[in-house]
Amino acid sequence: MKTLVTGFCLFGIVLSLCFGCTNSSSGKGDLIVVDTKANFPEKEICIQDLADVSYIPLYISDSTLVLRIFSVTPDGIAAEGEKKCILLFTPDGKALQGMVGRNGEGPEEYSGICDYFVDWKRKEVFVFQDFRSVKVYDFQGRFLRELLANNRSRLAFASVGVSDFVCTYSNNEMQTGSRPYFRFSKETGKVDTLDAVTVNEQIFINRKILWDDGRETQAKGGVNCLFSMMDAGFLTNPSLDTVFQVLPDWSMKAVVMPAVSPRKDKNVPLLDFLGASDSYLWAQFHVRHVTVRMSDMMAGRREDSPSVNMYDFRTGEWCVPKYVNRDFSSESCYLSQYISLFAVPYGYGMMTLGAPELIEAREAGEVVNDELNQLISSLDEESNPVIVLLKFKSASGR
């Protein structure tokens with residue numbers, strides 16, 4: 001369902017007919033309407049039933065020790081190495097096709113990496129430094145240009161099409177009636193506000209903090225206002241009532257919406273969109289009002305994170321997934337409840353497995369996939385993590 005957004009007020013009136021829905025989920029066409037107050041059943045799901053699964057080990061040397069993986073695409077794999085170096089691996093992970101190591105205080109260097117984006121087609125790396133400045137390098141680490149220099153706002157971004165990002169400011173910096181989303185040129189840094197998208201109300205998660213001396217203070221948190229996949233961006237500000245995908249032609253596709261608008265019900269849990277494919281969609285539902293103790297926060301103990309919920313377009317059902325991997329024989333090889341979708345292109349998902357855990361599973365005879373067994377035989381305790389790349393199977397008729 002493609003919808004060119006010309007005003008959310010009108011769109012909200014049309015969709016308000018859905019707000020009285022009492023089922024846990026319903027929809028018209030591809031638009032999902034979900035009851036964020038619902039508790040969905042836990043379900044064991046084999047990842048091989050969701051997707052075609054491949055394992056990618058990352059080449060390791062003294063200069064390619066991976067601290068975190070940023071993106072996995074058919075064109076290459078990007079990761080952060082030591083000393084804030086950006087490593088650009090080949091798609092099979094066996095070699096480097098580039099490296100950016102410009103950490104420093106000079107005008108053509110970056111002093112920190114909050115995030116970055118690798119445009120494999122343009123052969124360019126965009127380094128978001130403190131979300132306030134964007135510096136661009138080629139795959140050999142040569143400085144090309146700086147965009148949004150001295151910008152005063154914390155940014156979130158997603159790539160849309162070949163030449164632009166869609167960006168937004170953080171929820172804390174938005175004002176009621178503001179137009180926080182804008183189109184941002186990868187080449188020139190030109191900014192064009194998306195005038196059709198207006199934030200009519202700031203919506204937060206409200207935390208009451210209890211101090212040991214009896215004081216009470218308030219703090220505000222929020223869900224993400226922009227969800228980014230490597231080639232897709234989703235507008236997710238809860239005040240919009242609906243999550244929209246920004247398509248390459250800059251029209252909008254309505255994806256999912258809560259059955260009850262958080263603007264109308266101040267207690268309804270907030271929808272936090274975690275990505276989608278043509279077959280599945282993931283989301284969390286955050287309680288709107290939370291009480292925490294400062295002593296727990298100081299000790300690193302926080303309130304329980306809400307479950308990750310998964311929607312299956314084929315069955316029209318929600319569940320809380322518990323993923324298992326058919327390439328292992330033991331239940332000890334249950335995987336994380338969360339499949340990462342922000343580091344991959346649309347239609348893909350990603351998990352990682354640590355080398356020590358894989359070696360232990362092989363030694364215990366728990367690995368039943370011959371190719372995976374052979375891959376693990378080449379690892380040692382110091383090896384980089386192994387990427388589990390999921391290419392989701394398409395739902396029939398979609």
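Only this structure's heavy atoms are used, side chains among them; waters, hydrogens and symmetry mates stay out. It should be emphasised that the depicted structure is a prediction, and the values quoted were computed from it without experimental measurement.
Centroid-to-centroid, the aromatic rings of Phe70 and Tyr116 come within less than 6.0 Å. In this structure, the ring of Phe313 has its center less than 6.0 angstrom from the ring center of Tyr311. Annotation: Phe157 is not in aromatic contact with Phe126 [ring centroid separation under 6.0 Å not met]. A centroid separation of less than 6.0 Å is found between the aromatic rings of Phe139 and Trp120.
Nearest heavy atom pair, residue Leu194 against residue Met252, reads CD1-CE, 4.1 Å. In terms of heavy-atom proximity, Thr36 sits nearest to Pro269 at OG1-O, 3.0 Å. Taking each heavy atom of Pro385 and Thr352 in turn, the nearest pair found is CB-CB, 4.4 Å. Across Val199 and Pro180, no two heavy atoms sit closer than the pair CG2-CG, 3.4 Å.
The shortest distance between side-chain heavy atoms of Leu235 and Val246 falls below 4.5 Å. Inter-residue side-chain proximity for Ile387 and Pro57 is flagged as unmet; no heavy-atom pair is nearer than 4.5 Å. Proximity of Arg102 to Phe143: side-chain heavy atoms (C-beta onward) are separated by under 4.5 Å at one or more points. Side-chain atoms of Ile376 and Ile359, non-hydrogen and from C-beta on, do get closer than 4.5 Å to each other. Within the 4.5 Å cutoff, the side chain of Met294 has no heavy atoms near those of the Leu210 side chain. Here the side chains of Ile69 and Met350 are in contact, with some heavy-atom distance below 4.5 Å. In this structure the side chain of Leu96 reaches within 4.5 angstrom of the side chain of Leu87, judged on heavy atoms. Residues Val344 and Leu389 meet the side-chain proximity criterion, which asks for heavy atoms closer than 4.5 Å.
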### Task
Any chance you could lay out the side-chain contact (heavy atoms from CB on, under 4.5 Å) test for Gln245 and Leu247, step after step, and finish with the verdict?
CA-CA 6 Å; Gln245 181 180 356; Leu247 300 175; 3.9 Å; yes
### Chi angles and distances behind the side-chain contact (heavy atoms from CB on, under 4.5 Å) call for Ile56, Ile77
CA-CA 10 Å; Ile56 306 174; Ile77 299 166; 3.7 Å; yes
### Task
Could you please spell out the steps behind the side-chain contact (heavy atoms from CB on, under 4.5 Å) verdict for Asn206 and Val290?
CA-CA 6 Å; Asn206 300 305; Val290 179; over 6 Å; no
### Task
Check the pair Phe244, Val255 against side-chain contact (heavy atoms from CB on, under 4.5 Å), reporting the backbone distance first and the verdict last.
CA-CA 6 Å; Phe244 292 93; Val255 178; over 6 Å; no
### Query
Going through the distances and angles, do Asp265 and Arg288 end up as a salt bridge (charged side-chain N to carboxylate O under 4.0 Å, His left out)?
CA-CA 10 Å; Asp265 185 339; Arg288 193 81 167 267; over 6 Å; no
### Query
Can you list the steps and then say if Ser394 with Asp278 is a side chain to side chain donor-acceptor pair (under 3.5 Å)?
CA-CA 6 Å; Ser394 295; Asp278 284 343; 5.1 Å; no
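At least one donor-acceptor pair under 3.5 Å links the side chain of Lys266 to the backbone N or O of Arg263. Listed for the Glu360 side chain is no donor-acceptor partner under 3.5 Å among the backbone atoms of Ala355. With hydrogens and angles disregarded, a donor-acceptor distance shorter than 3.5 Å links the side chain of Asn384 to the backbone of Val66. Checking side-chain atoms of His289 against main-chain N and O of Lys208 turns up no donor-acceptor pair under 3.5 Å. In this structure a side-chain-to-backbone donor-acceptor pair under 3.5 Å is missing from Gln284 to Asp272. One N or O on the side chain of Ser378 and one on the backbone of Leu375 form a donor-acceptor pair closer than 3.5 Å. A distance-only check finds a donor-acceptor pair linking the side chain of Lys393 to the backbone of Gln48 [under 3.5 Å]. Side chain of Lys135 to backbone of Glu109: a donor-acceptor contact under 3.5 angstrom is found. Listed for the Lys391 side chain is no donor-acceptor partner under 3.5 Å among the backbone atoms of Val53. With hydrogens and angles ignored, the 3.5 Å screen pairs a side-chain donor or acceptor of Asp231 with a backbone N or O of Tyr346.
If you check the side chains of Thr193 and Asp195, you find no donor sitting under 3.5 Å from an acceptor. For the residue pair Ser261 and Asp241, a side-chain donor N or O sits within less than 3.5 Å of a side-chain acceptor on the partner. Counting only N and O atoms by type, the side chains of Asp327 and Tyr55 include a donor and acceptor under 3.5 Å apart.
Heavy-atom contacts from other residues, nucleotides or ligands closer than 6.0 Å to CD of Glu108 number more than 12. Counting non-hydrogen atoms of other residues, nucleotides and ligands closer than 6.0 Å to CG of Asn39 gives a total of 12 or fewer. Lys121 NZ: 12 or fewer foreign heavy atoms inside a 6.0 Å radius. Within 6.0 Å of CD on Gln218 lie more than 12 heavy atoms contributed by other residues, nucleotides or ligands. Annotation for Glu381: atom CD counts as buried by contact number, over 12 foreign heavy atoms lying within 6.0 Å.
A salt bridge is defined here as a Lys NZ or Arg NE, NH1 or NH2 lying under 4.0 Å from an Asp or Glu carboxylate O, and Arg145 with Glu124 meets this definition. Look at Asp164 and Arg183 and you find a salt bridge, because one of the NZ, NE, NH1 or NH2 atoms lies within 4.0 Å of a carboxylate O, short of that distance. The existence of a salt bridge linking Asp212 and Arg293 is excluded, since no basic side-chain nitrogen approaches an acidic carboxylate oxygen closer than 4.0 Å. Salt bridge annotation for Glu187-Arg122: present, with a cationic side-chain nitrogen under 4.0 angstrom from a carboxylate oxygen. One finds no salt bridge joining Asp35 and Lys37 here, because no Lys/Arg side-chain nitrogen approaches an Asp/Glu carboxylate oxygen to under 4.0 Å. Between Glu80 and Arg68, at least one side-chain N (NZ, or NE/NH1/NH2) sits under 4.0 Å from a carboxylate O, which counts as a salt bridge. Taking the charged nitrogens against the carboxylate oxygens, Arg215 and Asp213 do have a contact shorter than 4.0 Å, which makes a salt bridge.
A continuous path of ILVMFWY side-chain contacts below 4.5 Å connects Ile45 to Phe40, so both sit in one hydrophobic cluster.
Ring pair Phe184/Phe182 is perpendicular by interplanar angle, where above 60° counts as perpendicular and below 30° as parallel.
Atom CG in Leu341 sits 8.0 Å away from atom CZ in Phe273 (nearest 0.5 Å). Note: Asp312 CG to Met310 CE = 6.0 Å, rounded to the nearest 0.5 Å. Atom CD1 of Ile339 is separated from atom CG of Leu50 by 6.0 Å, given to the nearest 0.5 angstrom. The distance from atom CG of Asp380 to atom CD1 of Ile60, rounded to the nearest 0.5 Å, is 7.0 Å. Taken to the nearest 0.5 Å, the OG1 atom of Thr242 stands 6.5 Å off from the CG atom of Leu31.
Each of Ile203, Thr236, Leu270 was scored for a side-chain contact (heavy atoms from CB on, under 4.5 Å) with Val223, with one residue passing: Leu270. With Leu274 as the partner, the side-chain contact (heavy atoms from CB on, under 4.5 Å) test is satisfied by one option alone out of Tyr338, Phe234, Phe342: Tyr338.
Annotation: cation-pi pair Lys186/Phe165 present, NZ/CZ under 6.0 Å from the ring centroid and within 45° of its normal.
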